[in-house]
Amino acid sequence: MNLNNYDLIIINSSGGKDSLVAIWEVNRLAKEHNFDSTKIVISHQDLGDMEWIGTKELVKAQAELFGYDVYFSKRRDKNGYEETLLEYIERRKMFPSNKQRYCTSDFKRGPGARVLTKLCKLLKPLRVLYVFGFRSEESPARSKREILKKNTKLSTKKREVFDWLPVHDWSLTKVWNTIKNNDLPYHFAYDLGMPRLSCVFCIFSPFEALVIAGRHNPGLLDKYVMVEEKIGHRFREDFSIKEVKKAIKKWFCS
């Protein structure tokens, strides 16, 4: 990958381990290619109370470590109101699912696209490299993703946007070795046993991880349980979020 073929590089970061090493890899290549670091920025789609505490501050610290500017964005409705994911779930009366992944489209891709559009209006780049920390080991769907692909939705007559996955073939071991060997700042949720950092109660997390999340975020868990009961729709087809709370109570009583 020759970074000098691009006028602007936007690294999408959740603050998680894979986003972190993606930033590290871009930074390494930028130094190798003498790429102008002022043309590299970080974009974080802020999930507010739905994401782990300290995530936004961590993203800022990670960006500052590498000397990159960071842009934060949130989902807005047609009236400009910043609605949380849980509020959106309550209004739609259904939780996200594999077939209805509006948590990704409306709360990540949409706000992220706004950042890209804003920067492109300001800087007017001809070619944009849009970076994601997706790895093939994460899921069958991500294993099938192309490492470099033109983003036809974000490209226009005046600019070309390319999605790039610089750590797509990295193993989990390589991710953590890179973080530990370079003393990179990562979120404490991993030390608690969480396999990923996104929404505290991500629909794709295994049950055991949700129990960990619930133990450390009891107030937010109660809000999820309340919404689940109010809308009459289960958190997931195979189990409810209320079952997570019951498992936590059982764990404390054992």
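Keep in mind that the numbers below use all heavy atoms, side chains included, and drop hydrogens, waters and symmetry copies.
Residues Y71 and R114 fail the side-chain proximity criterion, which asks for heavy atoms closer than 4.5 Å. Contact annotation: the side chain of W164 approaches that of I147 to within less than 4.5 Å [non-hydrogen atoms, C-beta and beyond]. Contact check for D163 versus R145: no side-chain heavy atoms found under the 4.5 Å cut-off. Proximity of I89 to F235: side-chain heavy atoms (C-beta onward) are nowhere separated by under 4.5 Å. Contact of the S13 side chain with the Q62 side chain is registered, since non-hydrogen atoms from C-beta on lie closer than 4.5 Å. Using a 4.5 Å heavy-atom threshold, the side chains of P111 and K74 count as separate.
Of the possible donor and acceptor atoms, none in the side chain of E90 sits under 3.5 Å from a partner among the backbone N and O of V227. The backbone N or O of H168 lies less than 3.5 Å from a partner atom in the side chain of S136, making a donor-acceptor pair. A donor-acceptor pair under 3.5 Å links the side-chain atoms of E137 to the main chain of L172, judged by distance alone. The backbone N or O of F72 sits nowhere less than 3.5 Å from a side-chain atom of H44 that would complete a donor-acceptor pair. R159 places no side-chain N or O within donor-acceptor distance of the main-chain N or O of P125, the cut-off being under 3.5 Å. In terms of modelled atom types and a separation under 3.5 Å, the side chain of H233 and the main chain of K93 share no donor-acceptor contact. Here the side chain of N79 pairs no donor or acceptor atom with the backbone of Y81 at under 3.5 angstrom. In terms of modelled atom types and a separation under 3.5 Å, the side chain of S19 and the main chain of S14 share a donor-acceptor contact. At least one donor-acceptor pair closer than 3.5 Å links the side chain of R127 to the backbone N or O of N5. Remark: side-chain polar atoms of E25 are not paired, donor with acceptor, to backbone N or O of A22 under 3.5 angstrom.
Relative to the ring axis of Y190, K17 does not place its NZ or CZ within 45° and under 6.0 Å from the centre.
Taking the six-membered ring where the residue is Trp, the centroids of F239 and F207 are separated by under 6.0 Å.
Of all heavy-atom pairs between A189 and L197, the closest is CB-CD1, 4.1 Å. When all heavy atoms of M194 and A209 are compared, the closest pair comes out as SD-O, 3.2 Å. A pairwise comparison of heavy atoms in V200 and L210 identifies O-CD2, 4.4 Å as the closest pair. Heavy-atom minimum distance, T55 versus W52: OG1-O, 2.6 Å. D238 and R236 get closest at one heavy-atom pair: OD2-NH2, 2.9 Å. Among all heavy-atom pairs drawn from R135 and D18, the shortest one is NE-OD1, 2.8 Å.
With 3.5 Å as the limit, one finds a donor-acceptor pair spanning the side chains of Y88 and D106. Inspection of the K118 and S73 side chains reveals no N or O donor paired with an N or O acceptor under 3.5 Å.
At a threshold of 4.5 Å between side-chain heavy atoms, the hydrophobic network of Ile, Leu, Val, Met, Phe, Trp and Tyr places V175 and F134 in two separate groups. Taken together through direct or relayed side-chain contacts under 4.5 Å among Ile, Leu, Val, Met, Phe, Trp and Tyr, I42 and L165 form parts of separate hydrophobic clusters. A continuous path of ILVMFWY side-chain contacts below 4.5 Å connects Y68 to V59, so both sit in one hydrophobic cluster. No single ILVMFWY cluster, assembled from side-chain heavy atoms under 4.5 Å apart, contains both Y130 and F107. Under the 4.5 Å side-chain heavy-atom criterion for ILVMFWY residues, a single connected hydrophobic cluster contains both I231 and Y224.
Members clustered with M226: none, using a 4.5 Å side-chain heavy-atom cutoff among hydrophobic residues.
Considering only residues two or more places apart in sequence or on other chains, Y186 meets the ring-ring contact (aromatic ring centres under 6.0 Å, His included) condition with W176. By the side-chain hydrogen bond (donor to acceptor under 3.5 Å, both in side chains) test, N217 is found to be paired with no residue, residues two or more places apart in sequence or in another chain being considered.
Electrostatic pairing of K242 and E229 counts as a salt bridge here, judged by a charged N lying under 4.0 Å from a carboxylate O. Between K99 and E237 there is no salt bridge, since none of the side-chain N atoms of the basic residue sits less than 4.0 Å from a carboxylate O of the acidic one. Using a 4.0 Å cut-off between a side-chain N of Lys or Arg and a carboxylate O of Asp or Glu, D7 and K124 do not qualify as a salt bridge. A salt bridge links E83 to R91: one of the charged nitrogens lies within less than 4.0 Å of a carboxylate oxygen.
D49 CG: 12 or fewer foreign heavy atoms inside a 6.0 Å radius. Summarising the local packing, CD1 of I53 is surrounded by 12 or fewer heavy atoms from other residues, nucleotides or ligands at distances under 6.0 Å.
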Go through E51 and D46 one step at a time and tell me if the side-chain contact (heavy atoms from CB on, under 4.5 Å) criterion holds. CA-CA 8 Å; E51 65 185 14; D46 184 2; 3.2 Å; yes
